[in-house]
2 protein chains.
Amino acid sequence: MTERKPRKDAARNRAALLAAADDLFARCESPDDVTMSDVAAAAGVGKGTLFRAFGDRTALIRALYAARLEPLERAVAEGPPPLGPGTPAPERVPALLDAVLCFKLDHRHLALALEGAGADSPYQAEHYERWHGLLRSALAGVPGLADGDFAAHALLAAVRADLVEYLAGARGMGRDELRAHLAEFVRQVLAGP
Amino acid sequence: MTERKPRKDAARNRAALLAAADDLFARCESPDDVTMSDVAAAAGVGKGTLFRAFGDRTALIRALYAARLEPLERAVAEGPPPLGPGTPAPERVPALLDAVLCFKLDHRHLALALEGAGADSPYQAEHYERWHGLLRSALAGVPGLADGDFAAHALLAAVRADLVEYLAGARGMGRDELRAHLAEFVRQVLAGP
DNA sequence: ACGGAAAGCGGACCGACGGTCCGCATTTTA
DNA sequence: TAAAATGCGGACCGTCGGTCCGCTTTCCGT
């Protein structure tokens, strides 16, 4: 194809930029406190290099997020139960949502940065469609459940990064407490007459 | 108290600014397209006046939102069933959520502007607490339902402005279709064993 | 009615940010 | 090793939210 492999220094700089951005987002209170100049400086690189490597701010955050999400996506795509594809639906739905919740708890800074990036993010990020489709088809396997499409959207909305941040932060909810509440809510949704 | 009533021109300008902002937000594709200078100019007023009247951008949007929300809040606080306080809980919960959904559909631009305003809005807007408390206590009146606190958060998340915008816009979901899906989802949540 | 004081007005101005540009350095290739 | 291709860096730009301060308008006691 028309693919050309990147130069060695370009690859090194790209990695350094990702690492620096990750570090800065993790260290700062709000994602807005991290400027593109900050990232470039922390990576020991010029701003031009940063923009050449990623295009714009949103793309940088997306790249970071995708890198961190990859292990989870692999576990879902080809891992063992209860996340992997062989799991019976009524068991997989809560497992998927719990996994997403834990991911957002573990990477709250990144998740917040991503959802606050574009105007109507996160719904224009391609991976949202993927997760929605996944959850939707899992819901379809639960007996006595109509309208899985909307339910999938609604359940994903319950683990949005800023809600999680609010509950875990301002409301002082602990990790396990939060997980239990989510599990209970999912149970309620799945329990049909 | 230490309250002083505002000067006449100040009141007039404030009203003109609110009207201009409402108009601009309604007319523009994304809330970011509306700058503070735009609002001031459309109201025929200097930027200083705008900032003197509202403090900052977030406060302006909040003031606008509060003004538009007021009829709904009155209907909930003192109106007739199924929204008003005299309604039995299992009937009031879906009514409340449907009302919020319709409000966001009717004022999508404002709602989007508000939720995209601060860093972790909408959870630092005071009216969120009010709605959550309302929904929470309504849920408490539904038999066979534990953990109403988290459920209230989750249900409110299902009617977040950007999700509504995504479903109604990019996914082409019609108003009634959306309302029906939400009603069905709420029914699922309320149906306990 | 009037005059001074308080309140409000407006737009030039500021600092910061995301993003661009282009002369120079480094790497790749023949 | 020389030429071509790719990448680098930081000065630079346009825009935005927000501030500031000299001037105007309104208010209120007399």
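Letters A, B, ... mirror the listed sequences (proteins, then strands); counts begin at 1.
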*Asks:* Say whether A:V189 and B:L135 are linked into one hydrophobic cluster, either directly or through other cluster members, by side-chain heavy-atom distances under 4.5 angstrom.
*Replies:* yes
*Asks:* Mind jotting down which residue pairs meet the salt bridge (Lys or Arg N to Asp or Glu O under 4.0 Å) criterion with at least one end in residues 30-39 of chain B? Sequence neighbours excluded, please.
*Replies:*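 Matches after skipping sequence neighbours: none remain.
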*Asks:* Which whole-number value in Å describes the distance from A:L17 CG to C:dG19 P?
*Replies:* 15 Å
*Asks:* What is the separation between atom CG on A:N13 and atom P on D:dG10, rounded to the nearest whole Å?
*Replies:*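 Those two atoms, CG and P, are 12 Å apart.
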*Asks:* What's the CZ-C1' distance between B:R7 and D:dC27, to the nearest Å?
*Replies:* 8 Å
*Asks:* Should the pair B:R175-B:D106 be classified as a salt bridge under the 4.0 Å nitrogen-to-oxygen rule?
*Replies:*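 Yes.
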*Asks:* Is any NZ, NE, NH1 or NH2 atom of the basic residue among A:R130 and A:E73 found under 4.0 Å from an Asp or Glu carboxylate oxygen of the other?
*Replies:* yes
*Asks:* Take N1-N3 plus N6-O4 or O6-N4 for Watson-Crick, N1-O2 plus O6-N3 for G-U, both under 3.5 Å. Which runs of 3 or more such pairs involve DNA chain C?
*Replies:*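 If one scans DNA chain C for consecutive Watson-Crick or G-U pairs, the stems found are C:1-30 with D:1-30.
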*Asks:* Mind checking side-chain contact (heavy atoms from CB on, under 4.5 Å) for A:V164 and listing every partner two or more places apart, or none if nothing turns up?
*Replies:*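 A:L101, A:L105, A:L178.
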*Asks:* Is A:L112 reachable from A:L167 through a run of I, L, V, M, F, W or Y residues, each pair having side-chain heavy atoms under 4.5 Å apart?
*Replies:*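 No, A:L167 and A:L112 fall in different hydrophobic clusters.
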*Asks:* Rounded off to whole Å, could you give me the NZ-to-C1' distance for the B:K8 and D:dC28 pair?
*Replies:* 13 Å
*Asks:* For A:Y123, give me all partners under ring-ring contact (aromatic ring centres under 6.0 Å, His included), at least two apart in sequence or on another chain.
*Replies:* A:Y128, B:Y166
*Asks:* Using the test side chain to side chain donor-acceptor pair (under 3.5 Å), find all partners of A:R171 that sit at least two apart in sequence or belong to another chain.
*Replies:* B:D149
*Asks:* Take atom CG of A:D32 and atom C1' of D:dC16, then tell me their distance rounded to the nearest Å.
*Replies:* 14 Å
*Asks:* How many Å lie between CZ on B:R14 and C1' on C:dC9, as a whole number?
*Replies:* 16 Å
*Asks:* Which residues in residues 36-57 of chain A have a heavy atom closer than 4.0 Å to any atom of DNA chain D?
*Replies:*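 DNA chain D contact set from residues 36-57 of chain A: A:V45, A:G46, A:K47, A:G48, A:T49, A:R52.
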*Asks:* How many whole angstroms separate atom NZ of A:K5 from atom C1' of D:dG7?
*Replies:* 17 Å
